[in-house]
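Okay, structure first, notes after.
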2 protein chains.
Amino acid sequence: MSLPKPKVTISDVARVAGVSSSAVSYALNDKPGVSAATRDKVLKVADSLGWRPNSAAKSLSDASTRSIGLVLTYDTAVLSVETYTMELIAGLSSELEKEGYSLTIRYASSQKSEMDVLRDWIATGGVDGVLLTNIELGDPRVDLFCDHPELPVLLLCDSSVAGGLPALSDDEQSSAHLLVDYCHELGHQRIARVAGPEALSHTFIRDNAFMEETAELNLQYSCLHSDYSPDGGRRCTDRLLSLPNPPTAIIYDNDIMALSAMRMAQELEMDIPGELSIIAWDDSFLCQVNMPSITALSRDVVGRGRASARALLDMIDGQTFESTTDVTSEIIFRDSSGPLIA
Amino acid sequence: MSLPKPKVTISDVARVAGVSSSAVSYALNDKPGVSAATRDKVLKVADSLGWRPNSAAKSLSDASTRSIGLVLTYDTAVLSVETYTMELIAGLSSELEKEGYSLTIRYASSQKSEMDVLRDWIATGGVDGVLLTNIELGDPRVDLFCDHPELPVLLLCDSSVAGGLPALSDDEQSSAHLLVDYCHELGHQRIARVAGPEALSHTFIRDNAFMEETAELNLQYSCLHSDYSPDGGRRCTDRLLSLPNPPTAIIYDNDIMALSAMRMAQELEMDIPGELSIIAWDDSFLCQVNMPSITALSRDVVGRGRASARALLDMIDGQTFESTTDVTSEIIFRDSSGPLIA
DNA sequence: TTGTAGGCGTTATCAC
DNA sequence: GTGATAACGCCTACAA
């Protein structure tokens, strides 16, 4: 139980080593301008004194914080059931760790307060880069960052809505086609979709892709928008099943809604998948472990987080980033989907 | 699309307002030493120029970062299924937001690298406070912070293992008793528990509490330790059910293991809860939505996160924190538990 | 009430 | 190769 140690600074090291503070700085940063002997001595002294760079001083001096920012906007209840954000954080932080970067998280309860946080980061250099998710159509954050190219930003959204900003896209297009084609191959003629909020850009992208592909294949297609919640999923499923000619396959924009639909179907004693195929966009432990297990489109969200961090680090490093599209989505075939049993 | 604005500093404000920089500082921080007229002018100018305090400079000057630190240690796969960490983060960040604090997250892939991060925070003041979770018996982090009282820390663990450091405890003791008593009331004579890793301090606390209470009530009790994973849960369940006199009620230390046990029981076509009661320690959407739904001990993890943030903020503010114990746990009675049907 | 000066710890630019 | 010195932006004695 030693005493609270006073912080040891570069000038302490300089004094003990008997050299100037600039010599110490050079030695510590492995830069030329210092002899090998001096460097060795400095390193030894720094180590014995337990010197660590002071991040605030470094930030002030070189205007970098060695951290990237993420704003959490969903309310706390949604964050608890959705694993997406946690996976993203896990991927981000694990990649950042390799460079000694940290992830700075801020919670914002409204769009306005999120904008405040972002403006603050831009104005003060509170972070070296920012990751933006859940981009909406006409999202003010896009305009904000278009106006401030000095702060690296990466959007997780389709490049068509990124306003020219760097974006890491999912190939929602092909994924939608993949799912529609799969239903078609199973022989389904009437398929439906319970989508996420209409304001979200990826919902919009998916909407278009589904309409396109179903038209192409001459399938009957209906789509209802909901809010990713269990209740929302139920309500939409109820409406769809009440149609005169109900769909025989329903695709849900998240696992939660798919699961609640599954519950409902079981309560109605429907045969899954004999009477109805249920498919989730976004795989999770939930889909895997449910009985019957739920067919799902799987994306590597953790990997996406890693790639995002990598891209941001590169941009901070001065490299220009070209928007890319992930094509790793695949359907995990499980028990909730199959051909109709007439 | 304006030009990248140069950062506006306090001296810019001073120049435009025609006063000294210290006057600006006083005015901006609402401190005495400046006339009302000057203050008004300064505030107006600062606002029109869009001045924001530079966090690095402020940190350097007053040795505070307005952020608290959290190290993520589980591997990314576990973080994806467990909602505990996400709930904690949601609670923490939402409470911190009220004071304009941010949450600094670091990922550490080993205990050694976690210690490095913590030592770094201590040595450089990279954060104003630290939250420690998943405390183990003889955890080196406890010793580290005992040696460094200068950095506020809060442990989420039983105060008996906190080494005198501030701790926010769950009342594991009463929770364990609650669960055992419940099983007893249902008429179960042989109960078992599939616990988490033995090294974790809260596992240890629970182990003792269970042994105590089951002895008290003269119940047969067996306990196996596992790793919170689906596979681990299965293996332990299998072993328990293979005993000559298998338990008729099993309590699992997390929802994941309880769920995998449920799957297994269903595959064996066991009657749940007629032949076996399954209970989870830690509620989640999983427990709620499963069929049959799973009886679970529910804790308010988001609230715990909030309380942690509040406590840390108070400590940073100089207040002394007395360790407290949460007593909000309650059993959510669902379909997976009930009396034996002989 | 106001302005000046020095410090926080680091990096970078100069002379030497 | 080395060591002063200024700069980063803010805060706070202290002096005017």
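Letters go in sequence order (proteins before strands), and every chain restarts at 1.
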Give the intermediate values and the outcome of side-chain contact (heavy atoms from CB on, under 4.5 Å) for residues V24(B) and S20(B).
CA-CA 7 Å; V24(B) 175; S20(B) 76; over 6 Å; no

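S59(A) places a side-chain N or O within 3.5 Å of a backbone atom of S64(A) that can act as its donor or acceptor partner. Side chain of D128(B) to backbone of T65(B): a donor-acceptor contact under 3.5 angstrom is found.
At a threshold of 4.0 angstrom between heavy atoms, the contacts of R39(B) with the nucleic acid are absent.
Salt bridge absent: K44(B) and D47(B) never bring a charged side-chain N and a carboxylate O closer than 4.0 Å. Classification of R310(A) and D314(A) as a salt-bridged pair holds, one side-chain N sitting under 4.0 Å from a carboxylate O. One finds a salt bridge joining R119(A) and D116(A) here, because a Lys/Arg side-chain nitrogen approaches an Asp/Glu carboxylate oxygen to under 4.0 Å. A salt bridge is absent between R306(A) and D300(A); no separation between the charged side-chain nitrogens and carboxylate oxygens falls under 4.0 Å.
Within the 4.5 Å cutoff, side-chain heavy atoms of H202(B) are placed close to those of N134(B).
Along DNA chain C, the nucleotide nearest A23(B) and the nucleotide nearest Y26(A) are compared for position; the residue whose nucleotide lies closer to the 5' end is A23(B).
Across dC10(D), dT10(C), dT2(C), the shortest atom-to-atom separation from the side chain of T38(B) is found for dT2(C). Residue V19(A) places its side chain closer to dG3(D) than to any other of dC10(D), dT11(C), dG3(D). For S25(B), the side-chain atoms get nearest to dC11(D) when compared with the rest of dG9(D), dG9(C), dC11(D).
Between S61(B) and dC10(D) there is no side-chain N or O to OP1 or OP2 distance below 4.0 Å. Between dG9(D) and K58(B), no contact under 4.0 Å exists linking OP1 or OP2 to a side-chain N or O.
Counted by atom type alone, D158(A) and S169(A) present zero donor-acceptor pairs between their side chains at under 3.5 Å.
For dT4(C), the base has a donor-acceptor partner in the side chain of S22(B) [N/O atoms by modelled type, under 3.5 angstrom].
For D62(A) and dT13(C), the CG to P distance is 13 Å, given to the nearest whole Å. Separating the CD1 atom of I10(B) from the P atom of dA7(D) is a distance of 18 Å, rounded to the nearest angstrom. Rounding to whole angstrom units, CG of residue L60(B) and C1' of dC8(C) are separated by 4 Å. Here dT11(C) presents its C1' atom at 14 Å from CZ of R66(A), a figure rounded to the nearest Å. Nucleotide dT11(C) holds its C1' atom 11 Å from the CH2 atom of W51(A), rounded to whole Å.
Within residues 27-37 of chain B, the residues that place at least one heavy atom under 4.0 Å from DNA chain C are, in residue-number order, G33(B), V34(B), S35(B). A heavy-atom distance below 4.0 Å to DNA chain C is reached by none of the residues of residues 116-130 of chain A.
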